[in-house]
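Here is how names work: the chains are called A, B, and so on, in the same order as the sequence lines, proteins then strands, and each is numbered from 1. The shown structure was predicted, so the numbers you read here are calculated from the model rather than taken from an experiment.
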Amino acid sequence: MMMTSLIVYNVVILSAIAIVAAVVLYFTAKKFKVETNPLVDEIAAMLPQANCGACGSAGCQNFAARCATASADDFANLYCPVGGQKVMSKVAERLGYTAQEKERTCAVLHCNGTCQNAPDKVQYVGLKSCRLASRVFVGNTGCPNGCLRMGDCVRNCPFGALEINKVTGLPQVNPEKCTSCGACVRICPRGLFEIRPMGKDGVRVYVACNNTQKGAQARKNCKAACIGCMKCSKICPDVKVENNLSHIPASVSAEEFGEQLAANCPTGAIIFTGKKNEQN
Amino acid sequence: MLKVSTAPHIYSPTDTRTIMRDVIIALAPAGIVAIVLFGLNALITIATAVAGCVFFEYAACRYWLKTRPSTSDLSAVVTGILLAYNLPCNMPIWMVLIGCFVAIIVTKVAFGGIGKNLFNPALAGRVFLFVSFPVQMTTWVNPNWKDFLNVDVTTSATTLGILKHADKGTSFFELADKLPSYSDMFWGNIGGSMGEISAIALLLGLFWMLYRRVISWHIPTFYIGTFMLLNIVFWFLTGKATCEPLTQLLSGGLLLGAFFMATDYTTSPMSVGGKIIFAIGCGVLTFVIRQYGSYPEGVSFAILIMNAFVPLIDKMCHPRIFGTGRK
Amino acid sequence: MNKIKSFKIGGIHPNKYKISSDVAISDAGLPETVVIPVRQHIGAPAKVLVQKGDKVKVGTLLADLDGIVSADVHSSVSGEVLKIEDQEVSSGYFEKMITIKVEGDEWEEGIDRTPDIVRDIEASPDEIVKTLRESGIVGMGGAGFPTPIKVDIPEGKTADCVILNGIECEPYLTADDRLMQEYAEQIVIGARILNKALGIQKAIIAIDENKPAAIEALQKVTREYVGVNVQVCATKYPQGAEKQLIAAVTGREVPPGCLPIDVHCVVQNVGTAFAIYEAVQKHKPLFERIVTVSGDGVKHPQNFRVRVGTPASYLIDKVEKDGETGKIIFGGPMMGTAGINIDAPVTKITSGILLLKAETVVTPEVSPCIRCGTCVEVCPQGLEPFAITNFVRNGQYQEAKRIHVLDCIECGCCSYSCPARIPLLDYCKLAKYEIRKKK
């Protein structure tokens with residue numbers, strides 16, 4: 001008798017709690033329901049989900065939302081550099097648009113201040129951070145525009161496409177892994193990275209120097225500094241020398257001028273990545 | 001080659017190693033008392049615990065965490081000493097080593113090594129041994145300074161044990177004959193864990209740590225203060241024998257716990273406010289466990305339970321920002 | 001003597017190393033050339049007025065202030081302008097500087113070079129501010145904020161008290177200490193000039209306890225000046241930080257993001273007060289200052305009266321290096337910057353040049369945080385450097401901002417006292433830098 005009532009009480013009380021909890025849960029779920037556009041979720045699922053912000057949106061979800069609401073014209077301006085052509089054509093297909101053809105790009109470092117070219121003059125012993133060190137002093141090498149070789153870019157690369165080369169001390173871009181997200185461009189306190197077209201078969205030519213000092217001063221700290229000698233601009237008139245610093249625009253054909261530009265640079269500040277180079 | 005660094009360019013002479021060294025110095029008097037009173041066994045247990053902790057720490061850092069072994073900062077030595085102080089002197093060596101394993105591997109390294117553990121390693125090791133080997137852990141040898149080689153070992157119950165298991169109605173004064181005198185408890189002539197018996201030795205250690213600014217006064221004061229206050233109130237209200245404040249203060253691991261365990265940096269809050277909350281919590285829990293729990297002693301459990309609250313307390317308590325009333 | 005005061009939150013007691021406090025100020029003499037930067041202050045660089053080949057005298061205006069937050073630059077020597085171009089400062093970066101070849105020591109007319117103390121302040125408040133502007137006076141404690149702006153109180157704000165900062169809480173530095181011992185009355189008159197410019201009566205000279213000679217000298221002088229008082233403060237770092245000093249002396253706390261004037265105080269360094277005295281009473285623009293050259297890497301620590309633009313190497317040669325130098329610090333060891341260019345010139349804000357021996361410069365070995373709470377205990381701003389560090393390590397700068405990293409005064413107490421040698425201040429600086437960049 002005693003036992004039966006005990007069981008009954010238990011069943012009644014527990015059921016009551018269950019019902020109350022269910023009601024509460026039902027209303028809270030209703031109240032806090034988030035309205036989502038299924039199209040946005042679908043597009044987001046196609047994206048790389050790196051949330052790197054390279055597209056200019058705040059993360060992949062945001063980019064997907066922009067894609068979903070974009071007109072055909074607006075869509076042409078949207079591009080996910082990480083996913084590249086493949087992802088963009090998938091998204092375009094889903095939306096019924098056609099994806100714009102875009103050339104593949106990757107990051108290049110405008111500095112050739114290796115441990116050999118620009119040896120350490122002093123020893124920095126604080127927190128290894130380029131951003132901090134560049135505010136404290138000019139850097140171990142003495143070059144006020146060059147790489148500090150402390151690897152903020154490496155630590156900040158979301159794709160592991162950068163690593164410090166043990167021999168040169170400089171960060172090295174792995175073009176295979178680089179998605180042109182631009183994280184290194186934003187983090188480098190000296191602004192040494194640039195996103196450039198990959199070039200056909202990875203053939204690129206660029207100036208690996210950022211030093212605007214006069215030739216003699218620049219050479220004091222780094223053997224591979226651009227001294228603004230104008231030789232390169234004589235080879236190809238599109239190459240501009242300003243502030244004692246040469247700049248080779250991406251429009252300059254690497255196949256046509258690359259080898260000649262690199263060979264004629266007296267300091268080795270111009271870097272040519274081509275088949276020829278690999279054979280050497 | 002010139003060196004360049006960010007400011008500041010000079011550093012205080014205190015580093016992790018000197019702090020741990022000061023704690024070891026502070027622990028020395030209690031160790032000397034233990035070795036004098038308990039003889040060779042005490043020495044062996046302490047040496048085993050220290051060696052075990054240092055070994056586990058070194059091996060784990062080297063082969064598991066793959067970091068530079070942190071044994072040189074002496075923190076493992078401190079853990080070893082504290083663990084030994086929490087054990088009776090005649091523990092079998094293999095049990096001590098199990099305690100070391102739990103303290104260093106399970107409680108410390110598994111959480112990420114020094115500075116990342118949630119619970120006090122020595123206490124966790126002790127509690128593990130306590131629940132695993134209750135007989136060995138509650139066999140209390142009587143101190144006898146004439147018997148260094150431990151040829152003639154006698155055992156008895158601890159003060160707290162006598163109080164706990166006395167008949168309900170018995171008043172304190174009826175029990176007084178069975179209990180050690182206050183002066184015995186003060187100097188250390190009682191049975192118990194190796195490090196907890198001598199109040200004077202522990203006090204010396206406390207003064208050293210306060211003098212060297214290793215710890216602040218907040219945790220010991222508020223811990224013992226809260227505990228004593230509760231005892232005094234209940235002693236006057238109920239007259240229960242177990243509430244006699246002075247006996248409660250001097251017996252068991254209260255002083256050892258309040259001075260050395262609750263003040264452990266890693267497992268206590270950072271801010272002054274947090275430390276006070278933490279210490280009051282320890283005091284209340286110790287009182288509750290000693291009075292109402294099934295164990296006679298509650299310091300280890302109290303501190304371990306409060307350890308779990310430290311992240312929460314740290315989240316709550318912040319120092320006052322200069323120039324504002326906000327926290 | 002009235003009660004010794006101090007700030008309430010945090011602070012540390014570093015070893016003082018005040019090895020040059022008994023060494024009287026001596027003249028450093030004239031180097032062969034001086035290199036005078038056109039920017040020796042916070043704000044815009046001054047506009048250069050001279051040209052290559054110009055002859056200048058001591059006190060000739062070289063560069064005119066450009067904008068409100070800027071300051072005039074005067075020649076510290078007489079001679080010929082050799083070149084005006086970018087040259088290396090102590091950090092290795094390049095800034096525009098005027099190089100002058102020293103020829104004789106001819107001063108501009110009108111500068112009173114007699115040692116007589118001019119006690120009567122004849123200039124009106126407006127004239128005082130004008131003189132300060134024309135004399136290129138900037139805060140000489142280290143920040144280099146142009147003084148005329150501080151004295152020109154904005155509409156709607158009031159000042160009731162001038163505080164002279166005689167607290168040199170940085171180890172090694174003794175320039176202000178010597179100045180107070182030797183030029184006590186001039187400093188007090190400087191305070192009076194500030195009082196007159198602001199139209200108030202009260203001035204407090206704060207000195208820390210470990211300078212008994214300076215305290216005595218100033219107390220003797222202030223007896224004759226009603227309204228000027230000496231306040232002895234506890235020897236504690238960072239007692240000399242503006243906010244901490246105001247809190248210690250007046251008990252008022254400057255809220256975050258506010259200036260001393262918001263709590264009705266005007267704070268000036270004693271060195272600045274001396275410069276103000278010289279500018280207003282002796283018509284001498286700011287072109288020389290007292291510099292402590294010290295550290296364990298020098299044989300004869302000195303307090304020099306140095307012309308602005310003198311290369312550091314010239315001073316270092318005078319005190320003789322002791323062993324191999326491991327580090328050169330411009331300023332004090334707690335907040336100063338390590339330099340890489342030994343030829344960098346002394347500027348208006350160089351309070352000291354320290355040489356540390358190679359063997360005493362330790363590379364701190366960073367070990368894991370043991371959660372000891374020392375950084376929280378010592379932070380004079382009531383921050384939690386360990387928490388900021390954790391956020392910065394994870395790149396969570398906005399979280400760091402939420403726990404008020406922007407209130408950090410970069411005093412270095414946390415890094416100094418961390419037993420695990422974690423560069424806590426570096427992380428705080430990084431957070432501030434990132435947050436300000438994002439704005």
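Looking at C/Leu425, the atoms closer than 4.5 Å to chain B (heavy atoms on both sides) all sit in the side chain, from C-beta outward. Proximity to chain B is limited to the backbone of C/Pro380, based on heavy atoms less than 4.5 angstrom apart. Contacts between C/Phe7 and chain B at a heavy-atom distance below 4.5 Å are absent for every atom of the residue. In this structure, the portions of B/Leu2 lying under 4.5 Å from any heavy atom of chain C include both its backbone and its side chain. Contact annotation for C/Glu324: only side-chain heavy atoms (C-beta onward) come within less than 4.5 Å of a heavy atom of chain B. Using a 4.5 Å cut-off between heavy atoms, C/Gln381 contacts chain B through both its backbone and its side chain. For C/Ser415, the parts lying under 4.5 angstrom from a heavy atom of chain B are both the backbone and the side chain. Contact of C/Val361 with chain B is made through backbone and side chain together, with heavy-atom distances under 4.5 Å.
By number of non-hydrogen pairs under 4.5 angstrom with chain B, the leading residue of C/His13, C/Lys8, C/Arg252, C/Lys243 is C/Lys243. Ranked by non-hydrogen atom pairs under 4.5 Å with chain B, the options C/Gly336, C/Cys258, C/Pro14 are led by C/Gly336. Chosen from C/Cys372, C/Gly373, C/Pro255, the residue pairing most often with chain B at heavy-atom distances under 4.5 Å is C/Cys372. Note on C/Cys369, C/Cys413, C/Ser367, C/Ala247: by heavy-atom pairs under 4.5 Å with chain B, the leading option is C/Cys369.
The shortest distance between side-chain heavy atoms of C/Arg371 and B/Val310 falls below 4.5 Å. Side-chain contact between C/Met335 and B/Pro8: absent, with no pair of heavy atoms (C-beta onward) separated by less than 4.5 Å. Contact of the B/Ser12 side chain with the C/Ile12 side chain is not registered, since no non-hydrogen atoms from C-beta on lie closer than 4.5 Å. Counting only heavy atoms from C-beta outward, the side chains of C/Asp407 and B/Phe322 never approach each other to under 4.5 Å.
Contacts between residues 326-333 of chain C and chain B, defined by a heavy-atom separation under 4.5 Å, are made by C/Gly326, C/Lys327, C/Ile328, C/Ile329, C/Gly332, C/Pro333. Within residues 69-86 of chain B, no residue approaches chain C closer than 4.5 Å by heavy atoms.
Take B/Arg213 and apply the salt bridge (charged side-chain N to carboxylate O under 4.0 Å, His left out) test, not counting sequence neighbours, and it matches no residue. The salt bridge (charged side-chain N to carboxylate O under 4.0 Å, His left out) test applied to C/Asp322 returns C/Lys357, not counting sequence neighbours.
Between B/Ala7 and C/Met334, the closest heavy-atom pair is CB-O, 3.2 Å. In this structure, B/Tyr11 and C/Tyr416 approach most closely via the heavy-atom pair C-CE1, 3.4 Å. Considering every non-hydrogen atom in both C/Thr363 and B/Lys3, the closest pair reads OG1-NZ, 3.3 Å. Heavy atoms only, all atoms of each residue included: B/Gly323 and C/Pro256 are closest at O-CD, 3.8 Å. In this structure, B/Tyr265 and C/Ile370 approach most closely via the heavy-atom pair CB-O, 3.2 Å. The minimum heavy-atom distance linking C/Pro171 with B/Ile10 is given by the pair CG-CD1, 3.7 Å.
Annotation for C/Tyr93: atom OH counts as buried by contact number, over 12 foreign heavy atoms lying within 6.0 Å. Crowding of B/Phe301 atom CZ: a count of heavy atoms from other residues, nucleotides or ligands under 6.0 Å exceeding 12. Within a 6.0 Å sphere centred on CZ of B/Phe55, other residues, nucleotides and ligands contribute 12 heavy atoms or fewer. For B/Arg212, the CZ atom is loosely surrounded, since the number of other residues' heavy atoms within 6.0 Å does not exceed 12.
Between the side chain of B/Thr14 and the backbone N or O of C/Pro419, no donor-acceptor pair lies under 3.5 Å. In this structure, C/His404 contributes its side chain and B/Ile321 its backbone to no donor-acceptor pair below 3.5 Å.
Look at B/Arg17 and C/Glu365 and you find no salt bridge, because none of the NZ, NE, NH1 or NH2 atoms lies under 4.0 Å from a carboxylate O.
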